[in-house]
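Worksheet: the structure to be examined is printed underneath.
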There are 4 protein chains.
Amino acid sequence: MASRGINKVILIGNLGSDPEVRYTQNNTAIANISIATSETWKDKQTGETREQTEWHRCVAYRRLAEIIGEYLKKGSKVYVEGRLQTRKWQGQDGVERYTTEIIINDLQMLDSRPSAGQSGGYAGQSSGGGYAGQQNQGFGGGGDAPRPATQQATPVAQNFQQPTSQPEPFIPDQDFDDDIPF
Amino acid sequence: MASRGINKVILIGNLGSDPEVRYTQNNTAIANISIATSETWKDKQTGETREQTEWHRCVAYRRLAEIIGEYLKKGSKVYVEGRLQTRKWQGQDGVERYTTEIIINDLQMLDSRPSAGQSGGYAGQSSGGGYAGQQNQGFGGGGDAPRPATQQATPVAQNFQQPTSQPEPFIPDQDFDDDIPF
Amino acid sequence: MASRGINKVILIGNLGSDPEVRYTQNNTAIANISIATSETWKDKQTGETREQTEWHRCVAYRRLAEIIGEYLKKGSKVYVEGRLQTRKWQGQDGVERYTTEIIINDLQMLDSRPSAGQSGGYAGQSSGGGYAGQQNQGFGGGGDAPRPATQQATPVAQNFQQPTSQPEPFIPDQDFDDDIPF
Amino acid sequence: MASRGINKVILIGNLGSDPEVRYTQNNTAIANISIATSETWKDKQTGETREQTEWHRCVAYRRLAEIIGEYLKKGSKVYVEGRLQTRKWQGQDGVERYTTEIIINDLQMLDSRPSAGQSGGYAGQSSGGGYAGQQNQGFGGGGDAPRPATQQATPVAQNFQQPTSQPEPFIPDQDFDDDIPF
DNA sequence: TTTT
DNA sequence: TTTT
């Protein structure tokens, strides 16, 4: 597959309402969620604190749509990565309109104290079974256990030009089960 | 300035037409550009090569708008970083409509062989003269953080946990000329 | 300021230890934090669940460094945006080494239930007082109040070529107080 | 595949030298490239123009590595998306060192006037044949989601809260040839 | 080591 | 409406 351009959206925000999940005739799940991102600032002239909320209509398909329906709800905080897509449609009044949506590729729950059905985790749209490590740089809303920072305690030299003996590099395995989102 | 959420868009694409630059009553420049990102793929069933183009309406203000008007033209390839914003407006038919735009924060020209007036370069929206280092990552037309070439050579903590004696680190200066985009 | 290239890093992870904040001779704050991002996957061959944690050494300056020192602690979940920088240094053994760090531009706390001193919020490095709205597409770690998704309920048409009567666009103010991170 | 965290790098820069491609014992291609991103700025005090170049060591595997070896060369301008990974290794002097690399997930050539063998295009790392839509946003060498040109025309829900009758939405097909990078 |  |  080829491409000429980059079309990438990254959001962190909260769901304004519960996800809406529906199914196509051939049983493919489609989830719609509305995510709010907001900014607040102090107006220099009035001294007041202002807030501007932006709403983003997002869409996910297949397994990711099911996960959204199962684990997200109104108020959930999420990280979303996707691409912009503007659709043309016609209202009942016959007027043509356009809607811009974010087609979700990656999603991660950011609620640190997930409720029962919200164990926190990650969900990438990689139903093909391919290695998702590179693209799914996501991860978890739940209880991340920070480990001691022993690694960066010993920064290091490196020689790019004439690498010395190095063992076979670890290359991420591509074949692994992809059905369990987290 | 404060904020709750991340609202980020990254595009690489080509301008579908020359930029449209106009000015507000208090002489602030506003530039509108339309950027195309496209994907092509081989249809598995038919074997045909298909293409899908997505158009993105982008807006820039102030100095960045002026730079756009001066250096970009139809066909120009650009990197754009910004945030999504949906505006509500009313057409002449009285129907309410919404338009989603990308408010450009950073822009970089990617044409390797720029024409006369297109010397290639970068432009970040920091016309206020403030420190723009945060937004202009890796470059910056309006005001990125200057970093002396001596920085790399600046010695460093050997151990993160218990830093040993180290010289003063170089910290990017914040005050520098902001008028020259590139 | 000009630039040729993009150098951007986006992380979401947890602090492996409390921040380390120190000051230069001219009293500029510098904060070092170590952020963990991890991936888990199911090994297809063994069926085991594997986990790989990556540690990222991050640095912030000035106001952002102070905020980090004040509000973050071991285990804090954060969103970080910055740029890569590799420094060369010499260990006590006389060997040259290199350390790659992320110079933080933007940071957002993602802990939904902040403790006393952790009210949740955002902190961008824009000490110059410029409008940070464009760059600080951040938003908040605290209690984001999702609003009803009434907006996207009425998607819309838009006419790019010949805009009809539209009021003066809202252009974000650039001058506002920047001292209060959230 | 699961994950806890986001670990994302986005670069636009030029190759400092020709790619180095080698093969593992089981014939997996590995490509190493070094990418420069640079910033220039005008020193406020001296008035001089300063430049700072940052070098990024990047690695790609499998099909993406082969594409890199075939189409990129010294000086090529590229967009790269990947994740940070720090490896520990031991030099011939027995000293432990660390090297931070960007594991490339997506790559796009940005040279507008490609030479003979450089037709310009995109390459995503999805050699496993899995669906790569998530990582290849807006394009994709290894396997992005095909989207028929009819998609934009696909009608849409008029009301998000209470969707009216709407035709089946187009959902990107997942199964398509993955061998042709562009 | 690139690029402008 | 761009680009290849």
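So you know, we letter chains A, B, ... as the sequences are listed, proteins then strands, and number each from 1. Reckoned from all heavy atoms, side chains included, excluding hydrogens, waters and symmetry mates.
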- [ ] Assess whether side chain to side chain contact (heavy atoms under 4.5 Å, CB included) is satisfied between B:I102 and A:L84, documenting all intermediate values.
- [x] CA-CA 10 Å; B:I102 290 106; A:L84 288 169; 3.8 Å; yes
Rounded to whole angstrom units, what separation is found between the [atom1] atom of [X] and the [atom2] atom of [N]?
X      : N     : atom1 : atom2 : value
D:Y79  : E:dT3 : OH    : P     : 22 Å
D:L11  : E:dT1 : CG    : P     : 20 Å
D:Q108 : F:dT3 : CD    : P     : 15 Å
D:N14  : E:dT2 : CG    : C1'   : 5 Å
C:I6   : E:dT2 : CD1   : C1'   : 16 Å
B:Y71  : E:dT4 : OH    : C1'   : 14 Å
D:K73  : E:dT2 : NZ    : P     : 14 Å
D:L15  : E:dT4 : CG    : P     : 14 Å

Proximal nucleotide (of [options]) relative to the [X] side chain:
X     : options             : value
B:S17 : F:dT2, F:dT1, E:dT1 : F:dT1
D:E51 : F:dT3, F:dT1, E:dT4 : E:dT4
D:S38 : F:dT1, E:dT1, E:dT3 : E:dT3

Task: Distance-only donor-acceptor check, side chains B:T99 and B:W89, under 3.5 Å - done: yes
Open item on the list: If the threshold is 4.0 Å, N to carboxylate O, is there a salt bridge linking C:R83 and D:E54?
Closed with: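 Not counted as a salt bridge, because no side-chain N and carboxylate O are separated by less than 4.0 Å.
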Open item on the list: Stacking between F:dT1 and B:W55, yes or no? Criterion: centroid separation under 5.5 angstrom, plane angle under 30 degrees.
Closed with: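 Stacked: centres under 5.5 Å apart, planes under 30°.
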Task: D:I68 versus D:A31, closest heavy-atom pair with distance - done: CG2-CB, 3.9 Å
